Amino acid sequence: MNDVNCIFCKIANGEIPSQTLYEDDTFRVILDLGPATKGHALILPKSHYRNLYDLPEETAGEAMKLAKKMAIMMSERLGSEGFNLVQNNGDLAGQTVFHFHMHLIPRYRADGQTIGWKPQEVTQEELEAVKEQICQE
Ligand code: 5GP
Ligand code: ZN
């Protein structure tokens, strides 16, 4: 289940070398080549799934368990004091490599990075309408 044109398939399966922090039968965790902070890493499944929509539920669960283990281990070793988990789906959402991955971003005091959005004003009625749209039968 690999895509011959996908760079993350090649990295995850060891065809292209990477700085690997962890590997098992399902995942490889590598250092990002354009890190936001020291230790910025990516969890890659070895099989090719474009995004969260395509990822099997079981693999999604395993990815989150691995993220927790990596966050604890990396924070201890690197001395980071905060941690962002980031996961982009689709080009509109900032995805640039279309092989599912989770960003592990250790955070440090005054690291100069911001990961965020501009909060919008919203009324209770608007919140209610959105909830109805999402939760409709
Ligand atoms: P996205 O924007 O798709 O969520 O994140 C893609 C990430 O992959 C970026 O942070 C980028 O720096 C990283 N990246 C892209 N190509 C490579 C590569 O060949 N090797 C590694 N280690 N990271 C890569
Ligand atoms: Zn792939």
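Order of listing sets the numbers, starting from 1, for every ligand and every atom in it. Just so you know, these numbers come straight off a predicted model, no measurement behind them. As a basis for the values below, the full set of heavy atoms in this structure was taken, side chains included, without hydrogen atoms, waters or symmetry mates.
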Say whether Y49 and N51, considering side chains only, have a donor N or O and an acceptor N or O under 3.5 Å apart. no
Can you tell if the side chain of T96 reaches within under 4.5 Å of the side chain of D91, non-hydrogen atoms only? no
Given V97, N89, D32, which has its nearest heavy atom closest to atom 15 (C) of ligand 1? V97
Considering only non-hydrogen protein atoms, determine which one is nearest to atom 18 (C) of ligand 1 and report residue, atom name and distance to 0.1 Å. L33 CD1, 3.6 Å
Does even one non-hydrogen atom of Q19 get within less than 4.0 Å of ligand 1? no
H48 atom ND1 and C6 atom SG as seen from the Zn ion (ligand 2), angle to 10 degrees: 110°
Would you mind listing which atoms of ligand 1 come within a distance below 4.0 Å of any non-hydrogen atom of T96? 1 (P), 2 (O), 3 (O), 5 (O), 6 (C)
Within-cut-off N or O pair, L42 and ligand 1, under 3.5 Å: no
R50 side chain near Q95 side chain, heavy-atom distance below 4.5 Å: no
Nearest protein heavy-atom contact for atom 22 (N) of ligand 1: which residue, which atom, what distance? L31 O, 2.9 Å
Report, in ascending order of atom number, the atoms of ligand 1 lying under 4.0 Å from any heavy atom of I7. 19 (O)
Determine whether a donor-acceptor pair (N or O, by modelled atom type, separation under 3.5 Å) exists between the side chain of D32 and the backbone of G34. yes
Considering K10, H101, M102, which one's heavy-atom position lies nearest to atom 5 (O) of ligand 1? H101
Just so I know, are the side chains of L104 and M74 near enough to count as touching, which here means a heavy-atom distance under 4.5 Å? yes
Would you mind naming the N, O or S atom of H99 nearest to the Zn ion (ligand 2)? ND1
With only distance considered, is G94 within less than 3.5 Å of ligand 1 through an N or O on each side? yes
Side chains of L42 and H103, heavy atoms from C-beta outward: is any pair under 4.5 Å? yes
Close N or O approach (F8, ligand 1; < 3.5 Å): no
Charged N-O contact under 4.0 Å between R107 and E81: no
Near I11 (heavy-atom distance under 4.0 Å), the atoms of ligand 1 are 18 (C), 19 (O), 20 (N)
Note: ligand 1 atoms sitting under 4.0 Å from heavy atoms of G34 are 12 (O)
Here the atoms of ligand 1 under 4.0 Å from any heavy atom belonging to I30 are 22 (N)
Carefully, step by step, assess Q120 and K118 under the rule side-chain contact (heavy atoms from CB on, under 4.5 Å). CA-CA 6 Å; Q120 308 292 301; K118 289 180 289 193; 4.0 Å; yes
Do Y108 and Q113 have side chains that approach each other closer than 4.5 Å (heavy atoms only, starting at C-beta)? no
Taking 4.0 angstrom as the limit, do E62 and K65 come out as a salt bridge? no
Any idea which atoms of ligand 1 are less than 4.0 Å away from a heavy-atom of H103? 1 (P), 4 (O), 5 (O), 7 (C), 10 (O)
